Amino acid sequence: MFKNVSYTFNWDSVWEYRQKFIDGFFMTIIISFFALILSFIIGLFFAYAQNSKLIILRFFSRFYIEIIRGTPLLVQILIFFYVFANNLGFENRYIVGTVILALFAGAYVSEIIRGAIESVDFEQYETALSLGMTNYQMYRYIIFPQAFRRMLPALTGQFASIIKDSSLLSIISISEFTMNAQEVNAYTYSTLESYIPLAVGYLLLTYPISYYTNKLEANIRK
């Protein structure tokens, strides 16, 4: 197909800017890593908040989840960065970008965790209570181990999406993988030569997550 469109690859010009790809690749890893951790913490909190006895907390959690899931990430990045972050005095765009990405993913992680916990049979709760377990012990030893196996595939997909969604942070001039590839393309006018390494780089980041998660699932089933 490349031959049919008569495209001549010019890798030499792109190779001169290889450091841009390397820097962007590692920046994406750093941003995604902290966003993954923070999104899971946010997800756990709001999964708990949705079943809280406090109606205000339940309302706030549903409001957050519906707003985040119902609006595009690109719009959220622009609003959070240029409106909220500027008014609150946060100038470090890398930290702000990581938090925005975590808040976006946290809404989905929250629903994944809530759905997995609610899928556990009610008899499991009754059995734990009849054994005199506290709520912490019940969730620690009975509910969460079962829910974790059910949420693992969905969490894997969500965590891989965080890595790919980080490419949208280029809209606020964060020098991550995608933005650096765009800059190389602007310098060299070599579009495919700039974006093919970009695709390969994201694949290198997301495939290990899926691979090791599948191994973890297999070990859990044993």
Side-chain angles (χ1 to χ4, degrees), residues 19-117 139 151 154-186 198 201-202 205-206 209:
Q19 193 60 44
K20 293 284 290 183
F21 287 103
I22 296 172
D23 293 342
F25 183 78
F26 283 107
M27 181 54 64
T28 292
I29 291 176
I30 293 171
I31 291 174
S32 300
F33 174 76
F34 287 105
L36 288 177
I37 296 174
L38 187 56
S39 67
F40 190 74
I41 295 172
I42 292 172
L44 278 175
F45 172 77
F46 282 101
Y48 168 79
Q50 290 185 76
N51 295 318
S52 173
K53 296 179 181 179
L54 299 175
I55 189 171
I56 296 178
L57 194 56
R58 292 202 307 270
F59 172 80
F60 175 70
S61 62
R62 289 311 308 173
F63 177 78
Y64 156 75
I65 290 170
E66 295 303 327
I67 289 293
I68 295 296
R69 296 178 68 192
T71 55
L73 176 57
L74 183 62
V75 175
Q76 294 174 27
I77 293 172
L78 293 173
I79 292 177
F80 276 112
F81 182 73
Y82 290 109
V83 178
F84 292 103
N86 280 344
N87 279 283
L88 293 174
F90 295 111
E91 298 181 356
N92 191 317
R93 64 185 67 242
Y94 291 90
I95 295 177
V96 174
T98 301
V99 172
I100 294 171
L101 196 60
L103 286 172
F104 175 77
Y108 292 90
V109 172
S110 174
E111 287 295 275
I112 292 171
I113 295 173
R114 181 189 62 80
I117 291 175
Y139 279 95
M151 71 175 75
L155 282 177
T156 303
Q158 186 57 48
F159 289 161
S161 294
I162 290 177
I163 296 174
K164 292 181 288 185
D165 288 341
S166 67
S167 62
L168 292 176
L169 295 177
S170 60
I171 197 68
I172 55 174
S173 300
I174 290 180
S175 296
E176 43 72 59
F177 203 19
T178 298
M179 182 174 180
N180 285 11
Q182 291 172 341
E183 290 179 352
V184 172
N185 179 38
L198 181 68
Y202 279 114
L205 290 176
T206 56
I209 295 177

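For clarity, every value in this text was computed on a predicted model and none was experimentally measured.
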**Prompt:** CD1/Ile117 to CD/Gln50 distance, rounded to the nearest 0.5 angstrom?
**Reply:** 10.0 Å
**Item:** Contact list for residues 95-112, test salt bridge (Lys or Arg N to Asp or Glu O under 4.0 Å), sequence neighbours left out
**Value:** Arg62-Glu111, Arg69-Glu111, Glu111-Arg114
**Asked** Once you round to the nearest 0.5 Å, how far does CD1 of Ile31 lie from CD1 of Ile162?
**Response** 12.5 Å
**Asked** Sequence neighbours excluded, which residues qualify as side-chain hydrogen bond (donor to acceptor under 3.5 Å, both in side chains) partners of Ser161?
**Response** none
**Request:** Name all pairs fulfilling the side chain to side chain donor-acceptor pair (under 3.5 Å) condition that reach into residues 22-36, sequence neighbours left out, sorted by first residue then second.
**Result:** Gln19-Asp23
**Asked** For the residue pair Gly106 and Ile42, what are the closest heavy atoms and their distance?
**Response** CA-CG2, 4.0 Å
**Complete:** Here the pair of heavy atoms bringing Arg93 nearest to Ser173 is CD-O, 3.6 Å
**Prompt:** Can you check whether Tyr94 reaches Ser175 side chain to side chain, under 4.5 Å on heavy atoms?
**Reply:** yes
**Prompt:** In chain order, what residues pass the side-chain hydrogen bond (donor to acceptor under 3.5 Å, both in side chains) check against Ser39, with sequence neighbours excluded?
**Reply:** none
**Qualifying ring pair (Phe, Tyr, Trp, His ring centres under 6.0 Å) pairs, either residue in residues 25-44, two or more places apart** = Phe25-Phe177
Sequence neighbours left out, cut at 3.5 Å: what donor-acceptor pairs do the side chains of residues 71-80 make with other protein atoms?
unit_1, atom_1, unit_2, atom_2, d
Thr71, OG1, Ile67, O, 2.8
Thr71, OG1, Gln76, NE2, 2.8
Gln76, NE2, Ile68, O, 2.8
Gln76, NE2, Thr71, O, 2.9

**Message:** List the residues meeting side-chain contact (heavy atoms from CB on, under 4.5 Å) with Glu91, not counting sequence neighbours, and say none if there are none.
**Reply:** none
**Complete:** Heavy-atom closest pair (Leu57 atom, Ala49 atom, distance to 0.1 Å) is CG-CB, 3.7 Å
**Request:** To the nearest 0.5 Å, tell me how far Leu198 CG sits from Thr178 OG1.
**Result:** 4.5 Å
**Request:** Locate the shortest heavy-atom distance separating Ser110 from Ile65; write the atom from each residue and the value.
**Result:** OG-CD1, 3.6 Å
**Asked** Considering only heavy atoms from C-beta outward, does the side chain of Ile174 approach that of Phe81 to under 4.5 Å?
**Response** no
**Item:** Ile56 atom CD1, over 12 foreign heavy atoms within 6.0 Å
**Value:** no
**Request:** Hey, could you give me each pair passing side chain to side chain donor-acceptor pair (under 3.5 Å) that has a residue in residues 163-172? Not counting sequence neighbours.
**Result:** none
**Any donor-acceptor pair under 3.5 Å from Tyr64 side chain to Leu103 backbone** = yes
**Fill in**
With sequence neighbours left out, the residues meeting side-chain hydrogen bond (donor to acceptor under 3.5 Å, both in side chains) with Asn51 are none
**Prompt:** Going from OG1 on Thr98 to CD1 on Ile30, what distance comes out if it is rounded to the nearest 0.5 angstrom?
**Reply:** 9.5 Å
**Request:** Identify the heavy atoms of Ala47 and Ile113 that sit nearest to each other, and give their distance.
**Result:** CB-CG2, 3.8 Å
**Item:** Set of residues satisfying side-chain contact (heavy atoms from CB on, under 4.5 Å) with respect to Asn87, sequence neighbours excluded
**Value:** Val83
**Item:** Any residue meeting side-chain contact (heavy atoms from CB on, under 4.5 Å) with Arg58, in chain and number order, not counting sequence neighbours
**Value:** Ser52, Ile55
**Item:** Any Phe60 side-chain heavy atom under 4.5 Å of Phe46 side chain
**Value:** yes
**Asked** Is there a side-chain contact between Ile172 and Tyr82, using heavy atoms and a 4.5 Å cut-off?
**Response** yes
**Prompt:** Are Val184 and Phe21 side-chain neighbours, meaning at least one heavy-atom pair lies under 4.5 Å?
**Reply:** yes
**Asked** salt bridge (Lys or Arg N to Asp or Glu O under 4.0 Å): which pairs involve residues 170-185, sequence neighbours left out?
**Response** Lys20-Glu183
**Asked** How many angstroms lie between CG in Leu155 and CD1 in Ile112, if you round to the nearest 0.5 Å?
**Response** 5.0 Å
